[in-house]
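Every chain is numbered from 1 and lettered A, B, ... according to where its sequence line falls, protein lines coming before strand lines.
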There are 2 protein chains.
Amino acid sequence: MKKTVFIFSALIVALLILFQISKYSYVNGDVAIETIISVIAVVFLGIGLYVNKSNSKKHIPRNNNIIDQNKISALGISKREYEVLLEIAKGFSNKEIGEKLFVTESTVKTHVSNILLKLEAKRRTQAIQKAKELQIIPS
Amino acid sequence: MKKTVFIFSALIVALLILFQISKYSYVNGDVAIETIISVIAVVFLGIGLYVNKSNSKKHIPRNNNIIDQNKISALGISKREYEVLLEIAKGFSNKEIGEKLFVTESTVKTHVSNILLKLEAKRRTQAIQKAKELQIIPS
DNA sequence: AGTTAATTGGTACTTTAGTATGACTCCCAA
DNA sequence: TTGGGAGTCATACTAAAGTACCAATTAACT
């Protein structure tokens with residue numbers, strides 16, 4: 001909200017400055033009224049575009065690719081377990097995950113079991129669903 | 001792109017109209033220069049806001065909750081198979097899905113096998129992943 | 001130095017998941 | 001009316017997934 005206050009302040013200041021400049025210039029006959037109006041028009045068109053852009057940017061990140069790191073550690077999920085979780089969500093088997101992470105299938109199974117406990121899931125598919133709900137993996 | 005052309009045309013027309021109005025009003029001494037400038041400023045501020053809004057709206061629909069019905073039928077996935085697919089994505093076991101849809105686990109297995117064939121997946125987790133990529137199930 | 005958590009790996013076992021095949025019913029379009 | 005797709009179910013099998021315990025190593029912390 002600080003930004004909004006700043007923008008409107010700048011807007012008012014700009015308005016006053018332009019008033020004075022245009023008055024002064026006109027009185028002296030230096031500048032044509034068309035020029036003054038054009039400058040005003042362009043400036044405020046630009047302000048309108050800028051304000052709208054900075055507002056619309058806030059609405060774009062509706063997709064939750066923002067991973068909640070706090071929840072991961074709150075659940076006690078370790079670095080390695082998390083890596084396994086990501087591979088599970090991609091649809092890989094335990095064997096494939098083992099090959100990817102350079103560990104045996106046995107190790108992967110251990111990690112998976114721990115993940116299921118920590119996410120309170122009965123199956124890996126349920127773990128995927130819960131992890132996405134908790135926003136700890138990208139959807 | 002038609003909209004953009006329209007907007008810029010309207011912009012130019014508005015500019016010309018304002019030129020004439022301001023000239024005429026000033027010559028007659030009816031209106032103060034401050035008023036003219038204020039009107040110009042407000043009008044172009046409004047234009048700036050409007051143009052960017054209609055542009056940014058096009059970028060918003062990045063979320064894909066829109067299910068592609070055409071792809072489902074293109075893949076030859078039947079109504080019942082699709083129902084099973086949705087339950088798989090929710091993390092249910094074959095037995096649980098059977099209870100939900102009032103069929104035996106055996107029937108669910110048949111459906112699952114067909115789904116895996118049609119989605120070219122080796123596992124149900126991979127089927128979930130592919131289905132989400134194809135936007136045939138909500139993410 | 002001792003403790004703890006994380007990572008790794010193994011064995012043995014149970015439970016799901018998935019495949020293959022066959023069969024029955026229902027309904028719809030040719 | 002008949003062929004085919006969709007849906008249902010069963011059996012028998014193989015393949016993954018998951019559980020339970022145990023154990024060794026390493027890095028970090030006290």
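Counting heavy atoms from C-beta on, the side chains of Leu119(A) and Leu85(A) come closer than 4.5 Å. The shortest side-chain heavy-atom distance between Leu86(B) and Pro138(B) falls under the 4.5 Å cut-off.
When the side-chain nitrogen and oxygen atoms of Thr107(A) are compared with OP1 and OP2 of dT7(C), none of them lie within a distance under 4.0 Å. For dA16(D), the OP1/OP2 oxygens have no side-chain nitrogen or oxygen of Asn94(A) closer than 4.0 Å. At dG18(D), none of the side-chain N or O atoms of Ser113(A) fall inside 4.0 Å of OP1 or OP2 (strictly under the cut-off).
The side chain of Arg123(A) sits closest to dT16(C) out of dT16(C), dG9(C), dT8(D). Nearest to the side-chain atoms of Ser78(A) among the listed nucleotides dA6(C), dG18(D), dA16(D) stands dA6(C). Distance from the side chain of Ser106(A) is smallest to dG9(C) among dT8(C), dG9(C), dC9(D). Counting only heavy atoms from C-beta on, Thr110(A) has its side chain closest to dG10(C) among dC9(D), dA17(D), dG10(C). Side-chain atoms of Val103(B) lie closest to dC9(D) of the nucleotides dT16(C), dG18(C), dC9(D). The side chain of His111(B) lies closest to dT8(D) when the candidates are dT8(D), dT8(C), dA17(C). The listed nucleotides are dG9(C), dG7(D), dT16(C); the one nearest the side chain of Ser93(B) is dT16(C).
Rounded to whole Å, the distance from NZ on Lys95(B) to P on dT14(C) is 16 Å. The nearest whole Å value for the distance from the CD atom in Glu105(A) to the P atom in dA15(D) is 13 Å. When rounded to the nearest whole Å, the span between CD1 of Ile97(A) and C1' of dT7(C) equals 16 Å. As rounded to whole Å, 11 Å separates atom P of dA17(D) from atom CZ of Arg124(B). Rounded to whole Å, the distance from CD on Glu81(A) to C1' on dA5(C) is 11 Å. Atom P of nucleotide dA20(C) and atom CG of Asn114(B) are separated by 11 Å, given to the nearest angstrom. Atom-to-atom, CD of Glu83(A) to C1' of dA6(C) comes out at 12 Å; the value is rounded to the nearest Å. A straight line from OH of Tyr82(A) to C1' of dA6(C) spans 18 Å, rounded to a whole angstrom.
When the shell of 6.0 Å around NZ of Lys95(B) is examined, it contains 12 or fewer heavy atoms from other residues, nucleotides or ligands.
Of the two residues contacting DNA chain D, namely Gly76(B) and Lys109(B), the nearest-nucleotide position lying further toward the 5' end is that of Gly76(B). Residues Arg80(B) and Phe92(A) both approach DNA chain D. Their nearest nucleotides, taken by heavy-atom distance, put Arg80(B) toward the 5′ side.
Between Lys122(A) and Leu116(A) the shortest heavy-atom distance is O-CD1, 4.2 Å.
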(request) Carefully, step by step, assess Ile97(A) and Val112(A) under the rule side-chain contact (heavy atoms from CB on, under 4.5 Å). (result) CA-CA 11 Å; Ile97(A) 295 170; Val112(A) 172; 5.6 Å; no
